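Notes follow the structure.
Only a predicted model underlies this, so the values are computations on that prediction, with no experimental measurement involved.
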Number of protein chains: 2
Amino acid sequence: MTRKGVATRQRIVEGAAAEIRERGIAETTLDHVRARTGTSKSQLFHYFPDGKDQLLLMVARYEADRVLTDQQPQLGDLTSWPAWQGWRDRVVDRYLTQGMDCPLSGVIAQLGRTTPGAAAVVSELMTRWRSEIAAGIRHMQEIGEVDPGLDADRSAKALLAGIQGGVMVMLATGRIDHLEAALDMGIESLRR
Amino acid sequence: MTRKGVATRQRIVEGAAAEIRERGIAETTLDHVRARTGTSKSQLFHYFPDGKDQLLLMVARYEADRVLTDQQPQLGDLTSWPAWQGWRDRVVDRYLTQGMDCPLSGVIAQLGRTTPGAAAVVSELMTRWRSEIAAGIRHMQEIGEVDPGLDADRSAKALLAGIQGGVMVMLATGRIDHLEAALDMGIESLRR
DNA sequence: CGGTTTTTGGACTCACAGGTCCATTCTAAT
DNA sequence: ATTAGAATGGACCTGTGAGTCCAAAAACCG
């Protein structure tokens with residue numbers, strides 16, 4: 001594949017992701033992607049021979065990566081209480097900005113049970129996300145700010161679940177307060 | 001509408017709900033619903049003149065009701081720590097049994113942004129669910145088992161978010177541990 | 001009963017989205 | 001410069017699934 005080829009391919013994935021974010025997964029057709037990215041049918045199937053499902057899977061990967069990179073550098077540096085607060089603000093801000101669209105949830109709802117790859121993308125995202133949070137908790141335990149008796153992994157799971165649910169509630173209702181409550185209470189429960 | 005009519009209508013909604021639970025929203029067509037419920041095209045459009053979207057909305061309502069009724073009577077009687085534990089087990093059990101399908105999330109992903117009604121169904125579900133949890137917390141405060149300084153609504157929001165996220169993680173990855181961690185830590189944070 | 005409305009069956013239409021194909025143009029390497 | 005392989009344009013095909021329509025059967029009501 002030539003340089004031009006990879007550029008086109010990338011353009012297609014990003015365009016598809018943007019299109020899905022805007023119109024939702026159910027309403028996005030290949031023609032929409034075509035129009036937005038200025039490509040032809042043949043290009044779509046040239047770069048994604050397995051068709052729409054394959055493209056959607058690539059979009060899922062792309063969006064999954066974004067979820068974590070959008071939280072950096074804060075997520076990777078949970079080494080003080082102000083840092084935790086900064087991360088918390090970052091997460092809230094991201095979803096506030098993004099508004100009521102979660103590209104991933106849509107893609108998963110569509111591919112989830114059929115395509116095995118889609119579930120793997122989310123699984124990996126959750127694992128990485130949780131382990132970053134857990135690392136932060138362990139660091140706080142080491143510097144004596146968190147009870148060393150706490151199960152860091154379990155707390156990370158609960159906190160992550162709270163975030164996910166908070167985002168979900170926001171997507172469905174437009175309200176950010178559940179996400180804030182989950183984050184704040186999750187962090188508070190560490191401090192004691 | 002005659003008695004026979006309402007029965008048919010009900011049969012269609014329940015059949016559609018079951019079909020969606022089994023095959024997923026993206027794969028469910030009106031013909032599938034037809035086949036399962038033993039109805040004809042004309043019946044579908046007789047009872048749901050606005051077509052598929054209207055039917056889906058009814059399914060969403062039906063499933064939203066089920067979510068809460070499936071948690072009764074425990075959810076309505078959070079009056080002691082064993083009762084909380086019983087509720088927690090009930091929730092875990094329900095989602096464990098149900099497996100990796102959340103009819104609502106799919107329906108929302110499909111209708112969410114387009115149909116205003118779909119978002120309303122979820123909003124109302126969340127509100128009712130949260131207020132039941134909050135009522136439980138307040139009761140525990142009244143009998144002196146929970147710190148009266150705690151903001152019951154805020155705690156309920158966080159706990160609900162944890163449940164939602166736990167379910168979501170389970171749907172995506174098949175793992176129940178996030179849901180358990182969220183529930184357990186949420187309840188623990190009340191006890192102290 | 002008789003007339004009226006509701007319910008039902010199923011054939012039909014139609015738009016559209018995914019996917020195929022081939023001809024043409026461009027890229028890059030020798 | 002030539003040539004093989006990659007990239008592109010766009011016409012075309014096709015299955016399918018939502019939605020329409022009319023006529024027949026059943027239910028209701030006086």
For [X] and [N], what is the distance between atoms [atom1] and [atom2] respectively, to the nearest whole Å?
{"X": "A:Arg34", "N": "C:dA17", "atom1": "CZ", "atom2": "P", "answer": "12 Å"}
{"X": "B:Leu44", "N": "C:dC12", "atom1": "CG", "atom2": "P", "answer": "20 Å"}
{"X": "B:Phe45", "N": "D:dC22", "atom1": "CZ", "atom2": "P", "answer": "16 Å"}
{"X": "B:His32", "N": "D:dG17", "atom1": "NE2", "atom2": "C1'", "answer": "10 Å"}
{"X": "A:Glu27", "N": "C:dC16", "atom1": "CD", "atom2": "C1'", "answer": "13 Å"}
{"X": "B:Leu55", "N": "D:dA18", "atom1": "CG", "atom2": "C1'", "answer": "12 Å"}
{"X": "B:Lys52", "N": "D:dA18", "atom1": "NZ", "atom2": "P", "answer": "4 Å"}
{"X": "A:Met1", "N": "D:dG5", "atom1": "CE", "atom2": "P", "answer": "16 Å"}

Flag the pair [X] and [Y] as a salt bridge only when some basic side-chain nitrogen lies within less than 4.0 angstrom of an acidic carboxylate oxygen.
{"X": "B:Asp93", "Y": "B:Arg88", "value": "no"}
{"X": "B:Asp153", "Y": "B:Arg138", "value": "yes"}
{"X": "A:Arg154", "Y": "B:Glu188", "value": "yes"}
{"X": "A:Arg191", "Y": "A:Asp147", "value": "no"}
{"X": "B:Arg36", "Y": "B:Glu22", "value": "yes"}

Touch check for A:Ser42, heavy atoms < 4.0 angstrom, all strands: base, sugar-phosphate only, or nothing?
-> base
Can you check whether A:Tyr47 has a side-chain N or O nearer than 4.0 Å to OP1 or OP2 of D:dA6?
->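 The answer is no; no side-chain N or O of A:Tyr47 sits under 4.0 Å from OP1 or OP2.
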Would you tell me if any nitrogen or oxygen in the side chain of A:Gln43 comes within less than 4.0 Å of OP1 or OP2 on D:dA7?
->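 So the side chain of A:Gln43 is outside the cut-off, no N or O lying under 4.0 Å from OP1 or OP2 of D:dA7.
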Test for a donor-acceptor pair under 3.5 Å between the base of D:dG17 and the side chain of B:Thr29, counting only N and O atoms.
-> no
Going by heavy atoms in the side chains, are B:Leu179 and B:Val169 under 4.5 Å from each other?
-> no
Scan nucleotides 23-30 of chain C against the protein and return all N/O pairs shorter than 3.5 Å with their distances rounded to 0.1 Å.
none

Per A:Lys41 side chain, nearest of listed nucleotides D:dA18, C:dG19, C:dG9 |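 For A:Lys41, the side-chain atoms sit closest to C:dG19.
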Between C:dT20, D:dG9, D:dA6, spot the one nearest the side chain of A:His46, thanks.
->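 Of the options given, the side chain of A:His46 lies nearest D:dA6.
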Is the number of heavy atoms from other residues, nucleotides or ligands under 6.0 Å of A:Arg3 CZ greater than 12?
-> no
